[in-house]
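Whatever order the structure lists ligands and atoms in, that order sets their numbers, starting from 1. Values reported hereafter were calculated over all heavy atoms of this structure, with side chains retained and with hydrogens, waters and symmetry mates removed.
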Amino acid sequence: MKYFALIPAAGVGARMAVGYPKQYLPLLGRPMLRHTVEAFLRSPLIEHTYVVVSAGDAYVADVLPDDLEGVTVLRCGGATRMESIRNGLRLLAEAIGAQDRVLVHDAARPGLTPAMIGKLVAEAGAEAAGGLLALPVVDTVKSTRGGSVATTPRDGLWLAQTPQMFPCALLRRALEEAPDPDAITDDASAVELLGYSPRLVEGHPRNLKVTLPADVRIAEMYLSMDITQ
Ligand code: CTP
Ligand code: MG
């Protein structure tokens, strides 16, 4: 069994609003996407890393030059995260075996470390339903769905991170059969719709998704710390 990384990096970063896609934002002087890719390049477990960008991406060639070993850029981004990943998997039909594992990881999570990849593979690499990094909820959770405020017990609640790792054939089927690309904000939810129960493996706060302007300094703080969880 081999492990491959697939990094969706075809978003526009609307909530970050820096005038260009947030995956190219410099963090400690290096583009976010480069930090993200390095975690996989430095992991001895990963066979190869594929990065999905949009067809017209004008930045990626500088960040991931053609002669960088271990990475291939696919210019097949779609309108949603789910479609970007599905398009990437279609292009990789020959390259990745049905039972090989695909680790899907957001370009917008530059705090990932090789140690975290190792933990996910060690704890869920053999799972037929796959697995993902996630964080137990630590705050008290409120809901306004019913019109008035209610408190939802936090025990048993997790926040999903990435990487999310699945047998390639299962992930492909889940994304091809998913009813609504906009409703699928992570890969596990598509797999769950097929009746599978992926394993949750505890991640680390440094693997935050850089989404809002306030997240940039936090990401830089974690990147400047030498944590090998
Ligand atoms: N992504 C993608 N293709 C899309 C949309 C998102 O590959 N059509 C990727 C992003 O590049 C990112 C990851 O999916 O690495 C998680 O998405 P998100 O954090 O929402 O990034 P954006 O969609 O770029 O940000 P926003 O939603 O604020 O526009
Ligand atoms: Mg988005």
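Of all protein heavy atoms, the one closest to atom 12 (C) of ligand 1 is P8 O, 3.8 Å. Considering only non-hydrogen protein atoms, atom 26 (P) of ligand 1 sits nearest to A14 N, 3.5 Å. For atom 3 (N) of ligand 1, the nearest non-hydrogen atom of the protein is S84 OG, 2.7 Å. Of all protein heavy atoms, the one closest to atom 6 (C) of ligand 1 is G11 CA, 3.6 Å. Atom 7 (O) of ligand 1 has as its closest protein heavy atom A10 N, 2.9 Å. Of all protein heavy atoms, the one lying nearest to atom 27 (O) of ligand 1 is R15 NH2, 3.0 Å. The protein heavy atom nearest to atom 22 (P) of ligand 1 is G13 N, 3.8 Å. Distance from atom 14 (O) of ligand 1 to its nearest protein heavy atom, with residue and atom name: R81 CG, 3.5 Å.
Hydrophobic clustering of Ile, Leu, Val, Met, Phe, Trp and Tyr side chains at less than 4.5 Å, counting indirect connections, unites L91 with L175. In the hydrophobic clustering of ILVMFWY residues, with side-chain heavy atoms under 4.5 Å counting as a link, L33 and Y50 come out apart.
Using a 4.0 Å cutoff on heavy atoms, G77 does not count as a contact of ligand 1. Using a 4.0 Å heavy-atom cutoff, T80 is listed among the residues neighbouring ligand 1. Contact annotation: V52 has no heavy atom less than 4.0 Å from any atom of ligand 1.
Shown here is D66, whose CG atom has no more than 12 heavy atoms of other residues, nucleotides or ligands within 6.0 Å.
Atoms of ligand 1 lying under 4.0 Å from any heavy atom of A79, numbered from 1 in the order shown and given with element: 8 (N).
By the criterion of a heavy-atom distance under 4.0 Å, neither the backbone nor the side chain of P21 is placed next to ligand 1. Neither the backbone nor the side chain of E83 comes within 4.0 Å of ligand 1, counting heavy atoms alone.
For the residue pair H105 and T36, no side-chain donor N or O sits within less than 3.5 Å of a side-chain acceptor on the partner.
For the side chain to side chain contact (heavy atoms under 4.5 Å, CB included) with L6, the qualifying choice from L92, L103, I96 is L92, the only one to do so.
The existence of a salt bridge linking R81 and D187 is confirmed by a sub-4.0 Å separation between a basic side-chain nitrogen and an acidic carboxylate oxygen. Salt bridge status for E38 with R42: absent, with no side-chain N to carboxylate O gap under 4.0 Å.
V52 and G88 get closest at one heavy-atom pair: CG2-CA, 4.1 Å. Residue R199 comes nearest to E123 through the heavy atom pair CD-O, 3.3 Å, listed as atom of the first residue, atom of the second, then distance.
Backbone and side-chain nitrogen or oxygen atoms of A107 are examined, and one is located within less than 3.5 angstrom of a nitrogen or oxygen of ligand 1. Between K209 and ligand 1, a contact under 3.5 Å exists for at least one N or O pair.
Distance screen at 4.0 Å: atom 19 (O) of ligand 1 has a protein heavy-atom neighbour inside the cut-off.
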V104 and T162: CA distance, side-chain angles, deciding distance, side chain to side chain contact (heavy atoms under 4.5 Å, CB included) verdict: CA-CA 7 Å; V104 180; T162 66; 5.7 Å; no
K119/E202 under salt bridge (Lys or Arg N to Asp or Glu O under 4.0 Å): CA gap, chis, key distance, verdict: CA-CA 9 Å; K119 183 179 182 188; E202 188 165 348; 5.7 Å; no
